[in-house]
**Student:** 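Take this structure first; my questions come after.
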Amino acid sequence: MTDIDLKERIFALIAINVGFHMLYWFFSNLSKDSTRMNNSFNKIIGTGMLKLFAVFGIICSFTIIYFFIANAISEKEYVGLFGICIPFGLFLGAYKLWTDLNNE
């Protein structure tokens, strides 16, 4: 087990928390932009592009989770699994974007 002092633990906690919330906030607020509602062409194309971006975010979150787990297992440093919280924020934000776009 690695010996991590309190200062490094607090910094890691803050970095993981900020990463989670910033990714969630970024993805979940993309559908609230009103400029794509100006005409029907912008609404159709903009909504389609945002849906592709949401799918890309969901796929990337699963890919990042896989790499976090594979890296932690191969290097036997299971403390690194706390970093999985960041791609969960990405997944939840992208999923909220997807559901908001489908509910319009």
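Every value quoted in this text rests on a predicted model; they were computed, and no experiment measured them.
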**Student:** Verify the cluster assignment for Ile14 and Met22: are they in a single hydrophobic cluster under the rule of side-chain heavy atoms below 4.5 Å apart?
**Tutor:**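 Yes, one cluster joins them.
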**Student:** What pair of heavy atoms forms the shortest contact from Lys51 to Asn102, and how long is it?
**Tutor:**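 Nearest pair, atom of Lys51 first, then Asn102: NZ-OD1, 3.0 Å.
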**Student:** How far does CG of Leu97 sit from CG of Leu92, to the nearest 0.5 angstrom?
**Tutor:**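 It comes to 12.5 Å.
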**Student:** Please determine if Lys96 and Asp100 form a salt bridge, counting it only when a charged side-chain N lies under 4.0 Å from a carboxylate O.
**Tutor:**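 Counted as a salt bridge, because a side-chain N and a carboxylate O are separated by less than 4.0 Å.
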**Student:** Rounded to the nearest 0.5 Å, what separation is found between the OH atom of Tyr95 and the CD1 atom of Ile58?
**Tutor:**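 Those atoms lie 8.0 Å apart.
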**Student:** Does one hydrophobic cluster hold both Val18 and Leu13, with members joined at side-chain heavy-atom distances below 4.5 Å?
**Tutor:**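 No, Val18 and Leu13 fall in different hydrophobic clusters.
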**Student:** With rounding to the nearest 0.5 Å, note down the distance linking CG in Leu30 to OG in Ser28.
**Tutor:**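 Answer rounded to 0.5 Å: 8.0 Å.
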**Student:** Does Leu101 share a hydrophobic cluster with Leu23, counting links as ILVMFWY side-chain heavy atoms below 4.5 Å and allowing steps through other members?
**Tutor:**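 As far as the 4.5 Å side-chain criterion goes, Leu23 and Leu101 are connected within one cluster.
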**Student:** Can you get from Leu90 to Met49 by hopping between Ile, Leu, Val, Met, Phe, Trp and Tyr side chains that sit under 4.5 Å apart?
**Tutor:**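 No, Leu90 and Met49 fall in different hydrophobic clusters.
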**Student:** Any ring-ring contact (aromatic ring centres under 6.0 Å, His included) pairs touching residues 48-87, not counting sequence neighbours?
**Tutor:**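 Residue pairs passing ring-ring contact (aromatic ring centres under 6.0 Å, His included), neighbours aside: Phe27-Phe53, Phe62-Phe91.
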**Student:** Taking all non-hydrogen atoms of both residues, which atom of Ala72 and which atom of Leu81 are closest, and how far apart?
**Tutor:**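 Of all heavy-atom pairs spanning Ala72 and Leu81, the closest is CB-CD2, 3.6 Å.
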**Student:** Ser61 and Pro87: which non-hydrogen atoms are nearest, and at how many Å?
**Tutor:**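 Scanning both residues completely, I find the closest heavy atoms to be CB-O, 3.3 Å.
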**Student:** Rounded to the nearest 0.5 Å, how far does OG1 of Thr47 lie from CG of Leu52?
**Tutor:**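 Reported to 0.5 Å precision, the distance equals 11.0 Å.
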**Student:** Taking only residues two or more places apart in sequence or in another chain, which ones pass side chain to side chain contact (heavy atoms under 4.5 Å, CB included) with Leu6?
**Tutor:**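 With sequence neighbours excluded, Leu6 shows a side chain to side chain contact (heavy atoms under 4.5 Å, CB included) to Ile10, given in chain and number order.
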**Student:** Residues in side chain to side chain contact (heavy atoms under 4.5 Å, CB included) with Ile44, at least two apart?
**Tutor:**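 Testing Ile44 for side chain to side chain contact (heavy atoms under 4.5 Å, CB included), a comparison that skips the adjacent residues, returns none.
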**Student:** Hey, quick one: are Ile84 and Ile73 part of the same hydrophobic cluster, counting side-chain heavy atoms closer than 4.5 Å, chains of contacts allowed?
**Tutor:**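 Yes, same cluster.
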**Student:** Write down the atom of Leu50, the atom of Ser31, and the distance for their closest heavy-atom approach.
**Tutor:**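 Taking every non-hydrogen atom into account, CD1-CA, 4.4 Å.
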**Student:** So, taking the atom named SG in Cys85 and the one named CD1 in Ile65, what distance separates them when rounded to the nearest 0.5 Å?
**Tutor:**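 The distance works out to 9.5 Å.
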